[in-house]
Structures are given as C-alpha cells and as structure tokens.
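Written below as structure tokens is the structure these notes are about.
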Amino acid sequence: MNRFLLFLPLWLSGCIAFSQQPGGVSAPLFWYETARDAQGCFWQSAGGSPQSPPALLNQADGTLNYHPALRLLPEAPSQERWPLPGGRPVELFTVCQAKDSINEQVLWSLRPVDGQPTLMTTHRIADLKQFHYMNYPGQHSGEVVLKHFFQSKLNADSSRQRWLQWGALEGRHRLPVQNLQGLLPEWIAFDRLLSAQERQQVYSYLALKYGICLRSPDPVNYLDSRGQIVWEGARQAAYHHRVAGIAWDPGSGLYQSQSTSSHAAGQLVISLEDSLPAPHSFLVWGDNGRPMQWAEPQPLHPTRLQREWLLQITGPLDSLPTQLTLDPRIVFEPPQGHERYWLAVDYSGSGQFRAEQTAYFPLGQSGEKQTASGLRWGSRDNDRAVFSLAKGPDMIVHATAQQPRCDGSSPGSLNVKMAGGQAPYRLTLSHGAGSKRTQTIPSAGALARFSKLLPGSYQLLVSDSQGEHFRREFFLSSEGGPEIPLRAQYSWDKGSRLLLNARPSDGGNNWQYEWRKGAKVFSQAAQAEIKASGQYEVVVYKEGCVKRHRFDVTGPASRVFHSIQLMPNPVAAGSPFRVDVRLREAALVNMRLFDASGRLVCQEQQENGLYCQFRRSLPRPGTYLLQLSALGQTTTLRLIVQS
C-alpha cells in the first residue's frame with residue numbers, strides 16, 4: 001500500500017507533463033525545442049514525447065524572443081536522421097532565422113530509402129523526384145519566419161519509410177543550395193493531416209512564443225491550446241503588424257513572461273513584474289504600421305507618434321503590473337530641450353485618446369532605452385487598450401472639447417487632465433468675450449470639466465504648486481449645420497490669382513465672414529483673394545452658429561518638401577549620418593549623393609508616406625552634395641565628412 005501511494009504522485013506528475021502538446025494539438029510524432037546548458041544549446045524532446053533520437057549537440061548558442069535557439073553552422077551539418085513512417089501523411093512546422101538571405105540554404109530534406117528527396121529551402125519547396133518546385137518570396141536578412149509543409153497525396157516513395165534531416169542535403173545533386181546557417185529553435189512533425197483549427201493553434205503557439213506576425217494573406221486569429229481566440233486578427237486588422245505577446249498557456253507548455261516582435265527585436269518590449277495570476281492568460285499586442293514619427297500637433301493634445309499599438313487582454317490581467325521598454329533610437333525626432341517621453345494609454349481601446357479615457361506615464365532613461373514600470377492595461381469592463389508614445393514637459397496637459405451644436409440642443413464642454421508636475425493644479429479658462437472660470441484639481445489623473453461653453457476663442461492656463469505653467473489658445477467651433485467648402489491645403493504661384501469662396505454648403509445668406517492671416521483680418525466677404533503663401537483661417541458665423549476652417553497655402557518652392565534635416569553635419573569618416581525628410585504630400589523620394597568631382601557615390605529611393613529617413617556612412621573625408629528629388633522638385637544639401 002505504501003509503495004502504491006509513493007508511486008501515485010509520480011504517475012500523476014508524468015500525466016501532467018505528457019498533457020502538454022504544441023498548440024494543444026494531440027499526438028505529434030516529433031516535437032523538439034531548444035534547451036541550453038553549460039556547453040551550449042541542443043534540441044530536446046518537448047512535452048514528454050517518448051520519441052528521443054539523438055539530439056543535435058554542441059552547436060552555437062542563440063536566442064529568439066528570449067528563448068534559447070539552436071544555431072546551425074554550415075561547416076557542422078546535422079548528422080542525425082529522424083524516421084517518418086511510410087504510408088502516412090506528414091505535416092512539418094518550424095521556426096527559422098537564416099543569416100544569409102541571398103544564397104539558397106536547405107532547411108530540411110525528406111528522403112525515402114534509395115529515392116529522391118523533397119526539401120524545403122529558404123527560397124522554395126522542391127520535389128526532386130517529380131521536378132516540382134514552388135517558389136516563395138525571399139525573406140529579408142535576419143527575418144524570423146514560420147515554415148509549414150504538408151504532404152497528403154502519397155506516391156511510391158512516400159509509402160516507404162522516410163528520413164528527415166535538418167540543415168543539409170547529402171548525396172550528389174546539382175541544386176545551388178548550401179547548408180543552413182542560422183537559428184532553428186523548434187520544430188514539430190505530425191504523421192497525420194491536421195484540421196484547419198488545429199493548424200491555426202500550432203501556428204499561434206509558435207508565433208506567440210517567437211514573436212512572429214501571422215498573415216495568410218490577411219490578418220488571422222491567434223488561438224490558445226483550447227482553440228479560444230486571444231488575438232482577433234480581422235477585428236484588429238489595422239493593428240496587425242509586429243504582433244507579439246505575453247502568455248501562460250499550460251496546454252502548450254508556454255510561459256512567456258516578456259516579449260518583443262522578432263520582426264523588430266528589442267524595439268518595444270513588454271515584460272511582467274510579477275507572475276501571471278492564472279493559466280490561459282494573455283497580453284497580445286500589434287501596431288498600426290505607421291511611421292515612428294510625430295503626428296501633427298493638436299492645440300489641446302500632447303504630441304503623439306503616428307504609430308500606435310493595440311493590446312488585447314485575455315484572462316484576469318487588467319491589474320497585472322508590467323514594464324514597457326522602448327528603444328528611442330527608432331523615433332524620427334527625439335524630444336528637444338525641456339521635453340521628455342511619455343506613454344499615452346487609451347483605456348477605451350478606441351484609439352481616439354480622449355482626455356477622460358487616457359492616462360499618461362513618464363518614461364525614464366535606462367541605459368540607451370526608455371522604460372515605464374507598474375503599467376496596468378485595462379479593467380474588467382474592457383479587454384483592449386491602445387497606447388502610443390507622446391512627448392511633452394514634466395507637466396503634461398491633455399484636453400478634449402465637446403463642440404456646442406448649431407441648433408442649440410447641446411452646449412459645449414471641455415475635459416482637462418494633468419499628469420506630472422506637482423499637485424494641486426489650478427486651471428483658468430478664459431473666453432474671448434471676457435468671461436473667466438477657475439478650478440482647483442487636487443491630484444494628477446483627476447478630471448476637470450468646464451461645461452456650458454459657447455463657440456468662440458478660449459485660453460486655457462494650468463499651473464501646478466511649483467510654478468510650472470501650461471498655456472494654450474484654442475477655438476471652439478459649432479457642431480452640425482453646413483460645412484465650409486474649403487480644402488486643408490492650396491498651392492499658389494507668384495503672379496497668379498487664388499480666389500477662395502467660404503460660403504457654407506447650404507448656400508444661404510446672412511452669414512458673416514472673417515478671413516485672417518495671423519492676427520490680421522484682411523477680408524469680410526464670402527470670397528477672398530490669397531496673395532501670399534502661409535497659414536490662413538476663415539471664421540463663418542450666423543445666429544450663434546460659428547464655424548472655423550484653417551488651411552495652408554504653399555508657394556512653388558515648398559510644395560513637396562516640408563522640412564529636411566541632415567545630421568550630424570559635419571560627420572566623421574566612417575560614422576553614420578541620417579537625412580530626415582518630411583513631405584507635404586506622399587511621394588517617392590530619390591536620394592543621390594555625389595562627391596566633389598560630381599561622381600555618383602550612392603543612390604536610394606523610398607516611398608513611406610509623408611516621411612522618409614535615409615541612413616548612410618562615408619569612409620572617405622571630403623565635401624559631398626546630397627540631392628533629394630520628389631514630384632519633379634529637387635533640393636541640394638552640402639555634407640562635410642571630416643577625417
């Protein structure tokens with residue numbers, strides 16, 4: 001009896017270990033993942049799989065998304081063979097990062113006895129018996145990819161036992177292939193065909209573990225080992241870029257306490273400050289694919305990046321503290337002077353970043369990285385949050401205005417929230433007509449509300465107990481009613497006439513107009529002539545309904561290029577420099593660099609929306625001319641390279 005009691009816990013422990021399956025999908029024939037010891041990395045059988053051929057030992061050490069990864073070396077190819085039974089279908093999954101993206105390399109070969117192999121390379125799948133080839137786009141150097149292969153139709157060779165070999169193709173052949181050089185952290189083989197859901201569960205497990213973004217070709221769902229959705233690809237299609245996540249999925253044996261996208265490793269990392277509270281808990285995030293450049297400033301909003309991240313929460317993780325680490329070197333323009341980085345979190349998950357739903361957290365310098373600790377991402381009422389990076393002073397103020405309606409059914413309001421500085425805060429809201437209202441807010445994060453606001457010009461002044469000040473002027477237009485038929489931007493050539501008409505779309509009379517450039521009113525008619533480039537606004541009002549429209553007029557020399565920064569200049573020979581280009585409209589930008597003799601040194605083209613960034617270094621000192629062209633316009637800068 002005592003012997004039975006002693007055996008029981010060990011038997012139960014073994015059952016728990018064997019319950020782990022890749023993505024919760026049962027009965028893998030082989031499932032190997034990388035482990036690490038004092039001698040380096042090696043493959044070991046995962047999930048208690050009973051099949052244990054010799055593992056690949058004594059290879060180089062590597063890491064993918066904080067997991068050990070076996071680094072295959074071309075001069076030391078695999079000698080091991082894994083037997084696959086004949087007469088059975090096969091499905092193979094693996095994660096790979098090839099160091100060389102130009103030369104074709106063998107990922108694996110599947111060879112029957114005395115037969116021609118089927119092989120997967122970094123460039124294609126090849127059946128050397130049937131001479132069938134399926135090419136797929138070449139990967140970028142250093143890209144981490146999830147490779148999948150299945151064979152359902154069995155031929156004469158596949159009815160016999162086959163042998164699987166990794167990273168090499170032995171025997172005589174004329175293929176221009178090399179042994180694999182790169183990371184191969186995990187692979188899974190099934191001797192049956194999986195269902196579509198089972199396949200997606202395996203995809204999801206590997207993608208979350210190694211920070212891989214799944215597209216097929218549209219955004220797809222990520223599933224846990226129970227088949228439950230932990231990332232809704234279609235619903236979050238706008239944010240389906242560089243998807244990564246924290247996870248505890250016991251059915252897969254996955255416990256991911258920190259994560260980064262392997263497509264941009266280390267640029268953004270989220271890590272736990274405590275253990276996950278319950279199994280089947282996930283924090284999964286992706287970004288909107290926009291540039292790491294600042295959006296156009298809004299009068300009452302802190303300046304935010306164009307790039308935003310959406311985070312989806314599964315399980316009781318709303319109050320779980322995490323740390324976010326960001327590499328600021330990827331940001332287009334770092335904060336200047338008294339400004340710093342802030343993290344803006346929209347807890348509504350809408351991405352509108354309204355003041356009443358948004359919190360701000362200061363980021364602190366940690367080596368070359370910016371970090372924020374103690375972050376909690378949501379509440380039990382909402383399983384999504386959107387976050388982005390902002391910049392501003394030590395006291396940051398964010399306000400959202402609700403416009404008064406033209407029909408008088410609803411007055412305007414203003415919600416104001418402060419972060420940083422030293423509470424309490426004193427707020428003063430002044431109307432252009434002369435009225436003034438004040439409030440005192442006792443703590444950061446509390447919301448101040450000004451109600452029953454009329455349309456017109458306002459000034460908001462916020463001060464903290466240490467004398468820090470925030471002052472902004474803004475205009476509260478009316479909501480509803482006809483729109484002003486003007487664009488946001490016009491171009492103007494000297495000697496030509498630019499006539500604009502601001503008459504509202506209802507075509508009615510009794511509207512009054514004020515056309516302004518700066519503080520000067522230059523016309524009070526419905527139509528005005530523009531005679532110079534610059535920033536303009538027109539205010540249209542009637543019977544308490546007030547509309548304002550701002551627009552830019554650009555001259556011929558500044559239609560495309562908004563700003564160009566070349567830095568550092570001068571630059572030391574061999575040291576990197578960069579060219580930051582901001583455009584007024586999306587265009588293909590061509591950068592050409594000439595030496596003093598007029599010889600073309602290098603050339604590059606980019607089309608990234610309204611922003612481009614070129615990075616180069618030059619080995620020889622001298623004076624160079626850097627030429628930028630877009631939409632038929634060209635500008636030239638001088639670059640000095642010092643010895």
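- Classification of the Trp515-Phe522 ring pair by plane angle, with boundaries at 30° and 60°, yields tilted.
- Between Pro404 and Ser477 the shortest heavy-atom distance is CD-O, 3.5 Å.
- Aromatic ring centres of Trp377 and Tyr347 lie farther apart than the 6.0 Å criterion allows.
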Go through Ile530 and Tyr490 one step at a time and tell me if the side chain to side chain contact (heavy atoms under 4.5 Å, CB included) criterion holds.
-> CA-CA 10 Å; Ile530 306 300; Tyr490 294 88; over 6 Å; no
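- Sequence neighbours left out, the pairs with a member in residues 349-374 that pass ring-ring contact (aromatic ring centres under 6.0 Å, His included) are Tyr360-His398.
- Using a cut-off of 4.0 Å between Lys/Arg side-chain N and Asp/Glu carboxylate O, Glu537 and Lys517 are scored as not salt-bridged.
- The main-chain N or O of Tyr611 is never found under 3.5 Å from a side-chain atom of Gln613 such that the two would form a donor-acceptor pair.
- The main-chain N or O of Arg290 is found under 3.5 Å from a side-chain atom of Arg307 such that the two form a donor-acceptor pair.
- In this structure, Asn288 contributes its side chain and Glu308 its backbone to a donor-acceptor pair below 3.5 Å.
- For Cys213, there are no disulfide bond (SG atoms under 2.5 Å apart) partners at least two apart in sequence or on another chain.
- By the side-chain contact (heavy atoms from CB on, under 4.5 Å) test, His241 pairs with Arg215, Asp287, sequence neighbours left out.
- Side chain of Gln236 to main chain of Glu232: a donor-acceptor pair is present (N/O by atom type, distance under 3.5 Å, no hydrogens or angles).
- Between the CD atom of Gln298 and the CZ atom of Arg472 there is a distance of 12.0 Å, given to the nearest 0.5 Å.
- No side-chain donor-acceptor contact under 3.5 Å links Lys547 to the backbone of Val538.
- Using modelled atom types, one finds no donor on one side chain facing an acceptor on the other under 3.5 Å when comparing Ser388 with Trp309.
- Inspection of the Gln323 and Ser373 side chains reveals an N or O donor paired with an N or O acceptor under 3.5 Å.
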